[in-house]
Amino acid sequence: MSDPWDPAAFKTRVDGVLRSFLDEEAGHLVALDDALAPVAGQLRSAAGHGKRLRAAFCYWGWRAAGQPDSDALVRAAAAMELVHAAAIVHDDLIDDSGLRHGLPTAHVALETVLTAAPGPTRDGRRARTAARSLAMLVGDHLMALAARLFTTSGLPAAYLARARDLWAALARELIAGECLEILHTGGPPDTATSLKVVRYKTAKYTVEHPLLIGGLLAGAPAALRDTYSAYGLPLGEAFQLRDDLLGLFGDPERTGKAGLDDLRAHRPTALLAETWQAADTSQRERLRHVLGRSDLDENHLREVRDLMVELEAPQRVERMILARVERATRALDAAGTSPQARRALRELAQRATDRVH
C-alpha cells in the first residue's frame with residue numbers, strides 16, 4: 001500500500017462517477033417525458049457538492065484491510081454519496097430549509113421552475129405543493145440509485161453479498177434517526193436525546209457504516225471491523241456536533257446554510273440542549289420566545305448566540321467534539337493496519353471535524 005493518498009484526486013474520481021451515473025439516469029427520465037426535465041435537473045445537481053468524506057471512509061475501509069486501489073471499489077464508495085444526497089433532499093424538505101451549499105434546496109428550486117412554467121402548477125400554492133412532492137420523490141429515487149450504483153459497481157457478487165445486511169441496517173438507522181429528530185423537534189431540550197439523534201441520523205452513515213461496508217467488501221476480519229466502529233462512531237458524532245455549531249455560529253457565506261434554520265425548526269441539537277441545561281428560569285424564557293418562530297431575523301440569531309456564549313454552551317460542545325476525536329484516534333493506534341492507512345484515517349478525522357463549512 002505504497003501509493004500516495006491524494007484527497008483531491010480521489011474527490012475528482014468520485015465526482016466523475018457520480019456525474020456520469022446521474023447524467024445517464026437523468027437522460028432516462030427526460031426520454032420518458034419532457035415534463036420530467038426539472039426532476040432530472042434536480043437529480044443531476046443533488047450530488048454535485050460535498051467533500052466526499054463518506055466515499056473516502058468506504059475507500060479506506062477497503063484499503064486498510066489490505067486491498068489495493070480499485071475503480072470498482074471507488075464506484076461502490078461513490079454510492080455512499082448518493083445515500084447522503086437522498087438524506088439531504090429529505091432533510092431539507094422536512095425542515096423547510098431554503099439553502100444548501102449556498103443554492104436553493106431541491107424543493108425551493110423546483111417551486112421556482114414550476115411557478116415560471118405554463119400549466120396547472122403555475123399557481124403559487126399548487127407549485128409549492130407539487131414541488132415538495134417532487135422533491136420527496138427525488139430523494140426516494142436517489143436512495144434507490146445508491147443501491148443500484150453499489151450493486152453494479154463491478155465488484156464480485158460474493159464481495160457485495162458480505163455487505164448486504166449492513167446496507168439494510170444503514171438505511172434503517174438513517175430513517176430511524178430522521179424519525180427521532182422529527183419526534184423530538186419542539187420538545188424539551190435534552191443532551192442525551194440529542195446525541196441519540198446525532199448517532200442514528202448522521203454519525204453512523206457518515207463514518208462508521210461506510211468504513212464497515214468497505215471493510216466487509218474487502219473481507220476485513222472481525223477485530224478490524226471492531227476498530228472501525230470504535231473509530232467511526234465517535235468521529236461521526238463529532239462531525240455532526242461540529243455541523244450544529246457551524247449552523248448557528250458559522251459564516252453562511254461559507255456554510256451555504258441559513259443560520260436561523262435550527263432555531264426556526266426548534267431542532268433537538270446538543271448545542272441547544274447544553275444551553276437549556278445551563279440556563280436559569282429567565283434565560284429559558286428568552287429561549288422560549290425565539291424557538292420555533294417563523295418570523296425570526298438576525299436580531300433573534302444574535303440574541304441566542306449571545307446567550308449561548310454567556311452560558312458557555314459552545315465551549316462545552318467543543319469539548320464534546322475533542323473528546324470524541326481523541327477517542328477515535330486512540331482506536332487507530334491499536335489497529336493492525338498499515339501506517340499509510342492510519343495516516344489517511346487521521347487526516348480524514350481532521351477534515352471531518354476541524355472545518356469552517
Side-chain angles (χ1 to χ4, degrees), residues 50-51 53-54 84 87-88 90-92 94-101 105 174 177-178 180-208 233-279 287 290-292 296 300-325 327-328 349-357:
K51 305 171 187 66
L53 289 172
R54 293 158 185 84
H84 180 49
I88 282 175
H90 284 150
D91 198 44
D92 288 340
I94 290 166
D95 294 335
D96 202 20
S97 296
L99 283 178
R100 174 76 65 166
H101 300 297
T105 52
L174 172 56
E178 191 71 69
L180 285 171
E181 182 177 69
I182 292 169
L183 291 168
H184 291 293
T185 289
D190 175 73
T191 301
T193 297
S194 298
L195 289 174
K196 190 168 189 177
V197 170
V198 161
R199 186 171 307 123
Y200 290 105
K201 183 189 170 190
T202 304
K204 281 180 166 284
Y205 96 89
T206 297
V207 186
E208 184 190 17
L233 187 56
L235 183 59
E237 291 178 352
F239 172 89
Q240 183 56 43
L241 290 169
R242 172 64 64 207
D243 213 50
D244 290 344
L245 275 176
L246 289 172
L248 269 172
F249 288 91
D251 179 359
E253 292 295 320
R254 288 185 159 187
T255 64
K257 303 175 189 176
L260 288 164
D261 278 358
D262 284 352
L263 299 179
R264 188 179 290 116
H266 192 169
R267 291 178 189 143
T269 66
L271 177 59
L272 176 58
E274 288 295 305
T275 304
W276 186 266
Q277 182 177 330
L287 282 172
V290 170
L291 294 174
L296 297 181
H300 295 110
L301 179 60
R302 186 162 46 251
E303 179 185 352
V304 172
R305 281 175 170 170
D306 290 346
L307 179 59
M308 287 178 166
V309 170
E310 179 185 342
L311 296 173
E312 300 186 349
Q315 295 93 315
R316 288 196 295 281
V317 174
E318 287 284 3
R319 289 195 291 271
M320 292 164 69
I321 293 170
L322 180 61
R324 283 161 173 77
V325 172
R327 195 188 319 157
Q350 182 176 10
R351 289 178 60 207
T353 57
D354 186 12
R355 56 196 173 93
V356 294
H357 59 84

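The figures here come from the full heavy-atom set of this structure, side chains too, leaving out hydrogens, waters and symmetry mates.
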K.L.:
Do Leu271 and Leu248 touch side chain to side chain, with heavy atoms closer than 4.5 Å?
P.N.:
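Yes, their side chains come closer than 4.5 Å.
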
K.L.:
Between the main-chain N or O of Ala270 and the side-chain N or O of Thr191, is there a donor-acceptor pair closer than 3.5 Å?
P.N.:
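The answer is no, because no donor-acceptor pair under 3.5 Å joins these two groups.
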
K.L.:
Does the side chain of Lys201 reach to within under 4.5 Å of the side chain of Leu180, using non-hydrogen atoms?
P.N.:
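No, too far: nothing below the 4.5 Å cut-off.
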
K.L.:
What closest approach, in Å, do Arg316 and Leu311 show between heavy atoms, and which atom pair accounts for it?
P.N.:
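That closest heavy-atom pairing would be NH1-O, 2.9 Å.
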
K.L.:
Find the distance between CD (Gln240) and CG (Leu246) and round it off to the nearest 0.5 Å.
P.N.:
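Going from CD on Gln240 over to CG on Leu246, the span is 10.0 Å.
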
K.L.:
I'd like to know whether Ile88 forms a side-chain contact (heavy atoms from CB on, under 4.5 Å) with Thr105, so could you lay out the CA-CA distance, the side-chain angles of the two residues, the decisive distance to 0.1 Å, and finally the verdict.
P.N.:
CA-CA 9 Å; Ile88 282 175; Thr105 52; over 6 Å; no

K.L.:
Looking only at non-hydrogen atoms, find the nearest pair between Ala203 and Gly236 and report the distance.
P.N.:
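Between these two residues, the closest heavy atoms are CB-C, 3.3 Å.
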
K.L.:
When you measure from the side chain of Arg267 to the backbone of Asp244, do you find a donor-acceptor pair of N or O atoms at a distance under 3.5 Å?
P.N.:
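No, Arg267 side chain to Asp244 backbone: no donor-acceptor pair under 3.5 Å.
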
K.L.:
For the residue pair Ala273 and Pro189, what are the closest heavy atoms and their distance?
P.N.:
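Looking at all heavy atoms of both residues, the closest pair is CA-CB, 3.7 Å.
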
K.L.:
Is any side-chain heavy atom of Glu181 less than 4.5 Å from a side-chain heavy atom of Thr185?
P.N.:
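Glu181 vs Thr185: side chains touch.
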
K.L.:
Considering all heavy atoms of both residues, which atom of Arg327 and which atom of Pro234 are nearest to each other, and what is their separation?
P.N.:
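Shortest heavy-atom contact: NH1-CB, 3.9 Å.
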
K.L.:
Could you tell me the separation between the CG atom of Leu307 and the CZ atom of Arg302, rounded to the nearest 0.5 Å?
P.N.:
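If we round to the nearest 0.5 Å, Leu307:CG and Arg302:CZ are 14.5 Å apart.
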
K.L.:
Looking at Gln350, I want to see if its CD is surrounded by more than 12 non-hydrogen atoms of other residues, nucleotides or ligands under 6.0 Å.
P.N.:
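No, CD of Gln350 has 12 or fewer neighbouring heavy atoms, counting only those of other groups under 6.0 Å.
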
K.L.:
Do side-chain atoms of Arg100 reach the backbone of Asp92 as a donor and acceptor pair under 3.5 angstrom?
P.N.:
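No.
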
K.L.:
So, taking the atom named NZ in Lys204 and the one named CZ in Arg199, what distance separates them when rounded to the nearest 0.5 Å?
P.N.:
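Reported to 0.5 Å precision, the distance equals 8.0 Å.
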
K.L.:
Taking side chain as C-beta onward, heavy atoms only, is Val290 less than 4.5 Å from Glu303?
P.N.:
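Yes; the side chains approach each other to less than 4.5 Å.
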
K.L.:
Please check: side-chain N/O of Arg242 versus main-chain N/O of Asp354, any donor-acceptor pairing under 3.5 Å?
P.N.:
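No: the side chain of Arg242 does not pair with the backbone of Asp354.
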
K.L.:
Using every non-hydrogen atom in the two residues, find where Leu235 and Ala328 come nearest and quote the distance to one decimal.
P.N.:
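Closest heavy-atom pair between Leu235 and Ala328: CB-CB, 4.0 Å.
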
K.L.:
Hey, what do you get for CD (Glu274) to CD (Glu312), rounding to the nearest 0.5 Å?
P.N.:
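Reported value, rounded in 0.5 Å steps: 11.5 Å.
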
K.L.:
Between Val304 and Thr275, is there a side-chain heavy-atom distance shorter than 4.5 Å?
P.N.:
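When only atoms from C-beta onward are counted, Val304 and Thr275 do not touch, as no gap falls below 4.5 Å.
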
K.L.:
Which distance, rounded to the nearest 0.5 Å, do you find between the CG of Asp91 and the CG of Asp96?
P.N.:
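So the gap between those two atoms works out to 11.5 Å.
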
K.L.:
Hey, does Leu301 have a side-chain heavy atom less than 4.5 Å from the side chain of Leu263?
P.N.:
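Leu263 vs Leu301: side chains touch.
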
K.L.:
Is Leu245 close to Pro314 at the side-chain level, that is, under 4.5 Å between some pair of heavy atoms?
P.N.:
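Pro314 reaches Leu245 side chain to side chain.
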
K.L.:
Are Leu272 and His266 close enough that some pair of their side-chain heavy atoms sits under 4.5 Å apart?
P.N.:
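Answer yes - side chains close enough.
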
K.L.:
To the nearest 0.5 Å, tell me how far Ser97 OG sits from Asp262 CG.
P.N.:
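Result: 8.0 Å between the selected atoms.
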
